Amino acid sequence: MRVRLVLAAGVLLASAAAPLAHAGGADGLSAGPALDGPVLNGPVLNGPVLNGHVMNGPALDDRAPGSRAADDLTVYGYGTVGDDSTVTLSGMYRCLDDSAGPVFVSSTLVQGNRSAGIGGTQAVCDGHLHEWVNTSVVKDPAYRPGSARVRATLMQLTADEEGLPTPGFLAAEDAAVVLR
């Protein structure tokens, strides 16, 4: 029974912590400079291409020869918004070790003064590149095609001294995207 309680608490904490990990000021926009990638009104999205997707920031495979892979996360340069207000965001991640607790990819979409958490994906931590796709229906406020920002995090839940899950942030990406 305690295991079920801890797992339920972990899922709730992950759902609650994802938007907080991306929280800026009260307007949701003043989180400071981007962690990586172009600014909204800056350069055109022209990062490396991986599997046919334009990436923000360096490609995850761009490591010095002989260097060890590290936890990393990127956001594709676009997202989609459907007629039914379904928003889909995606990118690539790599994580090395989930033995201390489950790892999740969370994302928050910011457009104008609107901000909403867009789903969450449990990560596979095997040192290999994986694609993440987060989807959510956001009716109020509805998002429109055009410029936006995505704040994504690779977050691990570990147990504290009392056995309650505590989030730890392994990697983050704040990137400009175009909603189609």
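None of these values were measured; they are calculated from a predicted model.
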**Q** Might you point out which heavy atoms bring Q122 and Y93 nearest each other, and give the distance in Å?
**A** O-OH, 4.3 Å

**Q** Rounded to the nearest 0.5 Å, what separation is found between the CG atom of L96 and the NE2 atom of H128?
**A** 10.5 Å

**Q** Give me the atom names and distance for the closest heavy-atom approach of I118 to N134.
**A** O-CB, 3.0 Å

**Q** Quick one: closest heavy-atom pair of V133 and T121, and the distance?
**A** O-OG1, 3.1 Å

**Q** If you round to the nearest 0.5 Å, how far is CG of L164 from CG of L157?
**A** 11.5 Å

**Q** Check the side chains of E131 and Y76 for a donor-acceptor pair under 3.5 angstrom, ignoring hydrogens and angles.
**A** yes

**Q** How about T135 and T86: do any of their side-chain heavy atoms sit closer than 4.5 Å?
**A** yes

**Q** Determine whether S115 and V110 make a side-chain contact, defined as any pair of heavy atoms from C-beta on separated by less than 4.5 Å.
**A** yes

**Q** Supply the atom-to-atom distance D98 CG to D126 CG, rounded to the nearest 0.5 angstrom.
**A** 9.0 Å

**Q** Under 3.5 Å, is there a donor-acceptor pair between the T153 and S106 side chains?
**A** yes

**Q** Are V124 and V103 connected, step by step, through hydrophobic side chains (Ile, Leu, Val, Met, Phe, Trp, Tyr) whose heavy atoms are closer than 4.5 Å?
**A** yes

**Q** Once rounded to the nearest 0.5 Å, what's the spacing between atom CZ of R114 and atom OH of Y143?
**A** 7.0 Å

**Q** Give, for atom CG of D174 and atom CZ of R151, the distance between the pair rounded to the nearest 0.5 Å.
**A** 5.5 Å

**Q** Do the side chain of W132 and the main chain of L154 share a donor and acceptor less than 3.5 angstrom apart?
**A** no

**Q** Might you point out which heavy atoms bring S136 and G117 nearest each other, and give the distance in Å?
**A** OG-O, 4.2 Å

**Q** Any ion pair linking D71 and R94 (charged N to carboxylate O, less than 4.0 Å)?
**A** no

**Q** If we only count heavy atoms from C-beta on, is the V105 to L73 side-chain gap below 4.5 Å?
**A** yes

**Q** If you round to the nearest 0.5 Å, how far is CG of D97 from CD of Q156?
**A** 7.0 Å

**Q** Would you name the heavy atoms of L89 and L109 that are closest together and state the gap between them?
**A** CD1-CB, 4.1 Å

**Q** Quick one, R180 and P145 - any side-chain contact, counting heavy atoms below 4.5 Å?
**A** no

**Q** So, Q111 side chain and R144 main chain: donor-acceptor pair closer than 3.5 Å or not?
**A** yes

